[in-house]
Asker: 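Below are the C-alpha cells for one structure; questions will follow.
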Amino acid sequence: MTLTIDEMATFCKKKGFVYPSSELYGGIAGFFDYGPLGADLKENLKRSWWQFHVHEREDIVGIDGSIIAHPKIWQASGHAECFGDVMVECKKCHERLRADVLIEDTLKIQADGLSAEDLQKLIIENKVGCPKCKANDFTDAKAFNLMFTTNVGPIENEESKAYLRAETAQIIFSAFKNVFETSRMKLPFGIAQMGKAFRNEIAPRNFLFRCREFEQMEIEYFIHPDDTNNCPFIEEVMDYSMLVYSSDMQLNKKEPKEMKIKELLENGVIKTQWHGYWLAKEHQWFVSLGANGSKFRIRQHLPDEKSHYALDTWDLEYEFPFGWKELQGMANRTDFDLQQHMKHSKKDLSIFDEGTQKKIVPHVVAEPSQGVDRAFLVFMYDAYEEDKERGNIVLKLSNKLAPIKAIVCPLIKKDLSELSREVYDVLKTEMHVQYDQAGSIGKRYARADEIGIPYGITIDHDSLEKKDVTIRDRDSTEQKRVKISELKDVMKKLISYEIKFEDL
Ligand code: GAP
C-alpha cells in the first residue's frame, strides 16, 4: 500500500522524523522541523551525497558558502528581477494559486515556464475552477518574485536590502575564481555545495516536496568551452539504462521508454556525453542508497519550459503518489552565469588554458541540482512497508541512511542489564545505537522496525556464560549468534555492507 503524502506526513510526525514548524503557534506554511530521527536520517543522506560526489572523486571539490550574499549576485543571475512564478487568486475564496500548477493539475498538461498571458488564456478557455471552492473567477495572472528579502546592518533602506539565497548555485559561481586559484583543479572539474535555500513559494504543498525553506545539494560542473562533449568517464555508464521521456516523446504523445545511455547519445536524444553521464550517476546514487530504480525517469524540458539560461535541461523525476515530479534539475547552463558575473562585477573570471595558451571562460555542461528534502521523501517512500505477518510497519531504510543502526536489548532486565550496558558502551563509540529495555522483546523489535533500525542485538542468559549475543536482521527477522569480542567489527562491516547478514 502506498501512503498518500498526507499520510506520510502523519507517519513522519508520529515517529519523530519531521514535524510542522511552529505548531505551538498554529504552524507556518512551508516550514518544517526535522525531529530526532529525521535530523539523523537527513544528515546521513547528505553525508552519503558528499561521499559519492566529492570524497570519492578527484574532479570535484566542495564549498560551504554564505546564505546571505551581496545583492548584486542576484541581480547578475537574474533572480532579483525574474525569479518567480505566475500567481492567480480566486475572487470568491481568495485562495492564491500557482497558475502553472493549477493548469497541470486540472488539464494534465505541462505548464511550467509558460508566460502569465498564456496561463491566463488556458484558465479562461478551459473554464478552470478553483480547487478549493470550485468557482471559476480568478484575478489576472501576474508574476510573483520568490526571493525572500532581509536587511543587513542597523539601518534599513534600499542599500541595506539583501536576499536569502534561492539556490546554492550562485554562491558557487561567485566563489569560482577563489576556488579555482586555491584548489589546484584543472578542467574539467566540479564544485559542489550543500545547504539551505529559501523560496517564498506561492502555494507550498505536498509536505516536504515544496517548502519555503529547504536544502539543496548542487554541483556546477565546468568544462572547456571548445570541448563540450567528451566525458572521460562515459564508458562507465554507456550500458546503464533508465526510463526516458524526451521532449520529442512528450510533443508526439509517445510513452516514456527504457533506454541505454549509449542509445540516447547515438540518437542525439541527449546532446552531450556529460549530460548522459551525470543523469546516470544521479540515478545510481539513489539506487545505491536503496531507492527503487524503476520509480525514476529522466524527462527533458520542452522548448518553452527551459529556464532563460539553459541550453538543454533534463529532470530526474520520481513517481510520487501525487504524480511524476521533479527530484533533480540538470541544466546545461553554458557560460551564462560566469559571463553575467563578469559583466556585473567588472572582474575577469576567465582562466588560463595551458593547452591553447589562451584565456577562456568555462562552461557548465551539467548542473546536478538535488533537493535534500525531496530525496528524503523518496527514501521514506521506498523504505515504507506494511508487513501483515508481523503486524507492524517495517521501514526498510538502507543501513547507510538508517538514523539508528541497532538497538541493544537485554532479554529481561534482571541480571542482564549490566552486560547489555557494556555491549552498548562498546558499540556507541562506533555507530548510533539505542539501549532499549522497555516492554516485551517483540514490542521492542516492532518499535525498531517502524523507525528503520536494521539490527537488534539481544543479550540473554546464555550470553552471560558464552559471551555472545544474537543479532536480529530487520528485513528477514532471522537471528544469528556472534561473540561479544567480535561484535563491534561485525556490526561495522554489516552497516557498511562489507559483509551480508546471510554470510555471518
Ligand atoms: N540551481 C538550479 C536550481 O535551483 P531548481 O530546479 O529550481 O534548480 C533544484 O531547484 C532542486 O531543488 C529541485 O529539483 C528540487 O529538488 C529542489 N527544490 C526546489 N524548490 C524547492 C522547494 N520549494 N521545496 C523543496 N525542494 C525544492
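Model, not experiment: these values are computed from the prediction. One-based numbering, in listed order, for ligands and for the atoms of each.
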Asker: Can you name the atoms of ligand 1, numbered from 1 with element, that are less than 4.0 Å from a heavy atom of E326?
Answerer: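 In order of numbering, the contacting atoms are 6 (O), 13 (C), 14 (O).
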
Asker: Out of all atoms in ligand 1, which are within 4.0 Å of some heavy atom of E367? Include the element for each.
Answerer: 1 (N), 2 (C)

Asker: Nearest heavy-atom pair of Y309 and A331: which atoms, and what distance?
Answerer: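 Taking Y309 first and A331 second, the nearest heavy atoms are CE1-CB, 4.0 Å.
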
Asker: Give the numbers and elements of all ligand 1 atoms closer than 4.0 Å to a heavy atom of A169.
Answerer: 1 (N)

Asker: Minimum distance, heavy atoms only, to atom 9 (C) of ligand 1: which one of S369, A310, A331 is it?
Answerer: S369

Asker: Check each atom of ligand 1 against the heavy atoms of Q328 and keep those under 4.0 Å away; list them by number with element.
Answerer: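 What qualifies from ligand 1 is 14 (O).
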
Asker: Out of E220, Q216, Q170, E167, who is nearest to atom 10 (O) of ligand 1 when you count heavy atoms only?
Answerer: Q216

Asker: Give me the ring orientation class for F286 and F296: parallel if the planes are under 30° apart, tilted from 30 to 60°, perpendicular past 60°.
Answerer: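 Because their plane-to-plane angle lies in the 30° to 60° range, the rings of F286 and F296 count as tilted.
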
Asker: Show, in sequence, the C-alpha distance, side-chain angles and deciding distance for D312 and Q300, and conclude whether the side chain to side chain contact (heavy atoms under 4.5 Å, CB included) test is met.
Answerer: CA-CA 8 Å; D312 190 17; Q300 189 176 24; 3.0 Å; yes

Asker: Is the NZ or CZ atom of R299 positioned over Y245's six-membered ring, under 6.0 angstrom from the centre and within 45° of the axis?
Answerer: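 Here R299 fails the 6.0 Å and 45° test against Y245.
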
Asker: Less than 4.5 Å apart, any side-chain heavy atom of P225 and any of V361?
Answerer: no

Asker: Pull out every atom of ligand 1 sitting under 4.0 Å from any heavy atom of L327, numbered as shown with elements.
Answerer: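 Reading through ligand 1 atom by atom, the close ones are 14 (O), 15 (C), 16 (O).
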
Asker: Can a non-hydrogen atom of R333 be found less than 4.0 Å from any atom of ligand 1?
Answerer: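 Right, R333 reaches ligand 1.
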
Asker: In terms of atom number and element, which parts of ligand 1 are under 4.0 angstrom from non-hydrogen atoms of G329?
Answerer: 14 (O)

Asker: Just jot down the side-chain contact (heavy atoms from CB on, under 4.5 Å) partners of S115, sequence neighbours excluded, or say none.
Answerer: E117, D118

Asker: In this structure, does ligand 1 have an atom that sits under 4.0 Å from one of the heavy atoms of D373?
Answerer: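 In this structure, D373 fails to qualify as a contact of ligand 1 - no heavy atom is under 4.0 Å.
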
Asker: Taking 4.0 angstrom as the limit and counting only heavy atoms of R199, give me the atoms of ligand 1 inside it, by number and element.
Answerer: 3 (C), 4 (O), 5 (P), 7 (O), 10 (O), 19 (C), 20 (N)

Asker: Find all atoms of ligand 1 within a distance of less than 4.0 Å from any non-hydrogen atom belonging to E218, and give their numbers and elements.
Answerer: 1 (N), 2 (C), 3 (C), 4 (O)

Asker: Under the rule for side-chain hydrogen bond (donor to acceptor under 3.5 Å, both in side chains), what residues qualify as partners of Y19, not counting sequence neighbours?
Answerer: none

Asker: Would you indicate whether the side-chain heavy atoms of C231 and V365 approach each other to under 4.5 Å?
Answerer: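 Sidechains of C231 and V365: no contact.
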
